[in-house]
Amino acid sequence: MDLHFSAEDQQFREMARDWLRDNIPAGRRPHHGEEMRTFDTAWQKTQFDAGWAGISWPTEYGGLGLDLTRQLIWYEEYARAGAPDNHLCFVGLNHAGPTIVSHGDEHQKRKYLKPVLSGESIWCQGFSEPNSGSDLASLSTRAEIDGDELVITGSKIWTSHGHLSDMQELLVRTDPDAPKHKGISWVIFDMKVAGLELRPINIMTAPNLPHFVQCFYDEARIPLANVVGGLNNGWKIAMSTLGFERGTAQIKDQIRYAHLVEEMITRAKKRFGSENLHTDEIGSRLAQLRADMAAARAMTYMTVSRAKAGNPGAESSLMRAMVGQVQQKVRRLALDIIGPEALENPDEDDWVYFYLRTFSTTIAAGTSQIQRNIIGERVLGLPK
Amino acid sequence: MDLHFSAEDQQFREMARDWLRDNIPAGRRPHHGEEMRTFDTAWQKTQFDAGWAGISWPTEYGGLGLDLTRQLIWYEEYARAGAPDNHLCFVGLNHAGPTIVSHGDEHQKRKYLKPVLSGESIWCQGFSEPNSGSDLASLSTRAEIDGDELVITGSKIWTSHGHLSDMQELLVRTDPDAPKHKGISWVIFDMKVAGLELRPINIMTAPNLPHFVQCFYDEARIPLANVVGGLNNGWKIAMSTLGFERGTAQIKDQIRYAHLVEEMITRAKKRFGSENLHTDEIGSRLAQLRADMAAARAMTYMTVSRAKAGNPGAESSLMRAMVGQVQQKVRRLALDIIGPEALENPDEDDWVYFYLRTFSTTIAAGTSQIQRNIIGERVLGLPK
Amino acid sequence: MNLLPDSQQQQILDTLSGLLREKAPIDRFREHGEVGNEDDRLWPILGDLGFLGLGISDSFGGVGLSAAEEVLVYREFGNQLLSVGVFGLTLGARIAALGGDDTMCRQILSGSLIIGVASSLHTPVQMSETACAGAFHLFEASKADLILLMNEQGAALITADQFVERKSVKPMDAILTLERSQLPASRPALWIDASDDALHTRAILLASAYATGIAATTQSMAVEYAKIREQFGKPIGSFQAVKHLCAEMAIRSEAAQSQCLFSALVVAEDRDDKDFQAISSKITSVDAALQNAASNIQIHGAFGFTAEANAHHFLKRAHVMDQLWGDLRHQRARLLSLPTPAT
Amino acid sequence: MNLLPDSQQQQILDTLSGLLREKAPIDRFREHGEVGNEDDRLWPILGDLGFLGLGISDSFGGVGLSAAEEVLVYREFGNQLLSVGVFGLTLGARIAALGGDDTMCRQILSGSLIIGVASSLHTPVQMSETACAGAFHLFEASKADLILLMNEQGAALITADQFVERKSVKPMDAILTLERSQLPASRPALWIDASDDALHTRAILLASAYATGIAATTQSMAVEYAKIREQFGKPIGSFQAVKHLCAEMAIRSEAAQSQCLFSALVVAEDRDDKDFQAISSKITSVDAALQNAASNIQIHGAFGFTAEANAHHFLKRAHVMDQLWGDLRHQRARLLSLPTPAT
């Protein structure tokens, strides 16, 4: 057991800290539309150009090839600096990219990975369907092989920012006769091909601006070479993709919430007076959250420690669930601290936006029920 | 909608109040053994002799033949007077008695009902078995018909106060070949017959005194005439018995907890100072409990209103679940209010005893999971 | 003792419920712009049928019934998320009647006066017959002639133009217009002291009735969806996790509804424990509304989070009900300070 | 950075774990009378193998390791519900060593001095080098030579006979002896000021380590039972309600364990945020211990509530851990008053 980072790690940390301090974009990140895309891609490009993108990605595809500890350090410094999250790059950096790194062929890697890191290529997800939500494996979007092409027909839904994306990680049924988990393929879909139509879906945080899209594929054609990891092998690939999300990506959230809780404490002390807060019901909940966040961070360190020992394990789902729980508590507490102002949703203050937004985050990351099934079955070995 | 009780109801209330004030037993109710039995039976006899037992039971079997409103009034006055609960009489008064009232034959009614009301006969329950807890219908204690007798072999467990009881409401399998719900009979079992052995089971509130017993039946014989409601008809009968428990008996608990919460508020104000409690985390939880208890009482009134309209309905399970939830909150809060003294369990102060005791109450009344299944399926009509 | 509506009350309910389903379906919000609503078109209709003056004596143009009937209709208003402007009318009419202003009362009951609703932004607020002052949120005040303002001291109607520094703000609940404003010390057009009528208690009661409507409607929405939405080859309502979530919603909803009806009768009789009961009702019902609205979104999955599902409207309105006349934190503190009711 | 035990630490753990499973199985409580235990028989054995002096420098007869190793063994102590007298020994030895009393330190480490543990009944308590005073619960003090007493000001060893009005009380956790007593202003036999060593922080840390043991063991008990106990023809662990309850236990347990190990390293390095981390650890672990112990009882059904199931011992001991050196309420208030850690 050891709390110390190596001298090299420490040096990396200081470089990251210095660079972030000098380079994080000024101004508030727009929540919507092309402005948001411009902001996110520019910020990603800045990181890439300065050599900070893809900490743990292989060097031959534009990454830095560093270990999980460095990734952790980067996230810690990123959060400490108050650097904005570039959500639009999330799927590329945390789902599609790592999947191609693990399962793609050399051509796919060369072609698709670097544009993710450089911010040139925005990816979205095409997994859920109107009738396949938590039961993902029941998906029915078909892809028929026609020569060296796949011809795709069907519909995907809940594709965040699909209208702002270039590429899509898409799950399609390539063998309708196989058992449901065995006839699915994971494909790289170009959002510019003919035969794709998008229906915007507005969300409760901003009822007049699209967030999701529904995708309609009408005999849309992509090269057969865009299948990643082998035909009909997509279920396994997709599960590993979700695994990526369930792993390191959570670290960033954990750190972000820890900062948020400290902000909430500051705000609560200002509103109620710190001398009144000790045994106050809001004070007590804040203190509990502070302890929770300390523990979530320690869980992150535990996850990184296990990964370094070559034993990442299903336990990382515990950290993920903890962060989810904390998010629920933060959600409820944030508005209580704000008081009457909670009824306003001003563009220049993120608190109410954040409150409403967490409703989707919980759903998007797989419901807490599904998460608890996974913990019960994979971590604890309880029967299905 | 009307809050008023009729003049007759009001008169009944005043008589009850006067009588209770003058007659509730002095001294603390013993928690264990023969002392407890002596106390409970004497108090029940006092009520019976004065004409207060069996408010809603038919007059021909010793009851008062009054409606649910009067029952409610009696419970309210009972709680207001601080009258002690005679738990030992619970099964007779709330399970076995009402079952015999509804399903027994004339002989059974004449023979068994009055002794319950007069406190002469203490009943216990013989439902659960070592391998049949929440899955009650899987019970395997056998009863074979031999002439005009039933010969019972098997075992029952978690029989509260079995060692202090005279009679037992017992579920036995009389047709092993029928589907599991269709081969069960509900029988009246005399705890004095040969072939019954008891193993005492101590509980966590008092590790050195028995609370439960396990019953071992080794060819124990009872008359076939002790079957209530017809052979192999026991599952339906038992469900209605549990229905009784889920109905009016809960009213008493609801009223008792409301008083307890007020006591907790008094105690908390004394410990922390009422001026410090307004937004205190303990104060806030107490206020919520106060509101919960007000609502639980209103739910009771709603239940009684529905019953009077001839439509008792499954909704009474909502009131029951609410009281269960409140109990959980009370449990956690009680010790927080006590502080360091929570580590003591003195005989003269019931708080810690109560805290530990609630762990069993929750389990005995059917787990909260089973309760929520029932609400989901029977009240809301969700699929099994 | 009976908490169920009698036949006359049931008839009022049935009439109103039919009317609102026709004139104010939840889907009406889809056809509206970014902020606001057109519910003021309903006021003359509701007024005409007597729904705005149920608790007003007939000598002032009301129906002469009690808080019990008001609570029943406010639950329906909550079901359909009627504009909170309706609180201004019901409570404003009561102020006018108690203040002896027959003309104003009849104008309100006919739906021809618009009354916005003020909600305190910060304490302290000054409230008396001679001067009211403070910082306020104003709901539905853009076309209002008068503003309703009340707290534990009393209730006031104030002419709208006395509010200054009015500034539209982007509301969380975009169906309602929301402004921030200051009220410099101003003499109210009408003032009813708390010692004369427990108007503030009644306001809390009506907000809680509205919240029970939110709790009940979101529960039904969730349960209906759980019955038809299938995953893994069966309705999601057959999974324990979803089933138990629905059961919790039903428990909260029943608790809120029962306490609301009970406290309505206590308020109608002006019993000593009216504050105790009405505050308990607001705590229970706002908690139920907030939690049920959130669970409803969750049970609907991603669909629940969209603007086209109506689920989010209920959540946002539940927050408005929380703030009106004191939020949960405030109500809990008040409840704890009250004595144990004698009955 | 690594939170996993290294090979030396793992060896310590394996040795201790084997020893305790043999010498201190949970079932040992069944053979004992109404109140009390015989764990003091273990002190010489644990002392002999160095487990009592892990954090004491070898010049005083200790092993010369750190809070990290202490935390690892205290988790094991919690797994087996070792008498809380062990806190008296570990912390008492540290006081003796820091106070320069070599003889006393070696006596403690050999298990030949018995040290009871005082827990404050009420504030205020007087604590200084010249006089300690107050009202206390005394744990495991019936045979004690010295009593351990500490708070944020410092840590003291006080000769047992200075406590007056000692009165045995019936404990909730009947495995431990419990007394109430008064301490009139008394000069401690040894005193270590908080400015010299963060003994109180260390005490909080060790209590939290013990609590993580309770949380982890009750989780395992519940999960094992859920795998084998069948109802409705399948293991109860296959029902979502039970499965999710077990998942919650695992989350709490992992959180508590991670934070405890992390804070042990912070305390070992005497970092500025040691109070922040140790208090967070106590909050997380006591909460996990209390909730997991309660859930474990619930999952065991009626059996969980019996005296013969060991489940109740863990719940009761979790309450003792809560009270030792400040309960959850106290710790939350303290945590909120601390600044945000720099790192």
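Since this is a predicted model, take the numbers as computed values, not measurements.
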> Is it true that D:K227 and A:E377 make a salt bridge, defined as a side-chain N closer than 4.0 Å to a carboxylate O?
no
> So which of A:M322, A:M299, A:H278 has the biggest tally of heavy-atom pairs under 4.5 Å with chain D?
A:M299
> For D:F239, is it the side chain, the backbone, both, or neither that has a heavy atom closer than 4.5 Å to a heavy atom of chain A?
neither
> Heavy-atom count check: over 12 atoms from other residues, nucleotides or ligands less than 6.0 Å from A:Q11 CD?
no
> So, taking the atom named CE in D:M1 and the one named CG in A:L68, what distance separates them when rounded to the nearest 0.5 Å?
8.0 Å
> Please classify the contact between D:L72 and chain A as side chain, backbone, both or neither, with a heavy-atom cut-off of under 4.5 Å.
side chain
> Quick one: does D:K243's side chain have a donor or acceptor within less than 3.5 Å of a partner on A:I375's backbone?
no
> Taking side chain as everything from C-beta outward and backbone as N, CA, C, O, which of these in A:I265 sits under 4.5 Å from a heavy atom of chain D? Side chain, backbone, both or neither.
side chain
> At a heavy-atom distance under 4.5 Å, which candidate from D:K282, D:E254, D:M249, D:R329 has the highest pair count against chain A?
D:E254
> Quick check on the structure: residues of residues 213-223 of chain D within a heavy-atom distance below 4.5 Å of chain A, by number.
D:Q219, D:V223
> Write down the atom of A:R290, the atom of D:P339, and the distance for their closest heavy-atom approach.
NH2-C, 3.8 Å
> Mind ranking D:V242, D:I283, D:I279, D:D287 by heavy-atom pairs under 4.5 Å with chain A and telling me who comes out on top?
D:I283
> Give, for atom CG of D:N2 and atom CZ of A:R306, the distance between the pair rounded to the nearest 0.5 Å.
11.0 Å
> Select one option (side chain, backbone, both, neither) describing which atoms of A:S284 are under 4.5 Å from chain D's heavy atoms.
both
> Count the heavy atoms of every other residue, nucleotide or ligand shown that sit under 6.0 Å from CD of D:Q10, and state whether that count exceeds 12.
yes
> So do the side chains of D:E269 and A:H4 get within less than 4.5 Å of each other, counting heavy atoms only?
yes
> Considering non-hydrogen atoms only, spot the tightest contact between A:L380 and D:A247 and give its length.
CD1-N, 4.0 Å
> Please tell me if the side chains of A:M302 and D:F262 come closer than 4.5 Å, counting only heavy atoms from C-beta onward.
no
> Taking every non-hydrogen pair under 4.5 Å, which of A:D292, A:L72, A:N373 racks up the most with chain D?
A:N373
> Out of curiosity, D:S280 OG to A:R297 CZ, how far, rounded to the nearest 0.5 Å?
11.0 Å
> Looking at side-chain heavy atoms only, is the closest gap between A:D2 and D:L265 below 4.5 Å?
no
> Heavy-atom pairs under 4.5 Å with chain D are the metric here; pick the option from A:S6, A:G376, A:S305, A:A258 that has the most.
A:S305
> For chain A, find which of D:L338, D:L328, D:T340 contributes the most heavy-atom pairs closer than 4.5 angstrom.
D:T340
> Considering only heavy atoms from C-beta outward, does the side chain of A:L382 approach that of D:S238 to under 4.5 Å?
no
> Using heavy-atom distances under 4.5 Å, tell me whether D:Q9 contacts chain A through its side chain, its backbone, both, or neither.
side chain
> Answer with side chain, backbone, both or neither: which region of D:R334 has an atom nearer than 4.5 Å to a non-hydrogen atom of chain A?
neither
> Got A:R372 and D:I251 here, is their nearest side-chain heavy-atom distance under 4.5 Å?
yes
> Provide the closest heavy-atom pair for A:A291 versus D:L335 in the form atom of the first, atom of the second, distance.
N-CD2, 3.7 Å
> Heavy-atom distance under 4.5 Å between the side chains of D:R332 and A:T279, does that happen here?
no
> Is it the side chain or the backbone of A:Q288 that comes within 4.5 Å of chain D heavy atoms, both, or neither?
both
> Rounded at 0.5 Å granularity, tell me how far CE in A:M1 sits from CG in D:L261.
4.5 Å
> What distance do D:S258 atom OG and A:M319 atom CE have between them, rounded to the nearest 0.5 Å?
9.5 Å
> Check each atom of A:A309 against the heavy atoms of chain D and say whether the ones under 4.5 Å are side chain, backbone, both or neither.
side chain
> Count the heavy-atom pairs under 4.5 Å between each of D:A250, D:S66, D:A226, D:A68 and chain A, then report the option with the highest count.
D:A250
> Check each atom of A:E76 against the heavy atoms of chain D and say whether the ones under 4.5 Å are side chain, backbone, both or neither.
neither
> Is the count of non-hydrogen atoms from other residues, nucleotides or ligands lying under 6.0 Å from D:D272 atom CG greater than 12?
no
> Is it the backbone or the side chain of D:E248 that comes under 4.5 Å from a heavy atom of chain A, or both, or neither?
side chain
> Answer whether the closest heavy-atom distance between the side chains of A:K308 and D:L4 falls below 4.5 Å.
no
> Against chain A, label D:V266 side chain, backbone, both or neither, depending on which of its atoms sit under 4.5 Å from a heavy atom there.
both
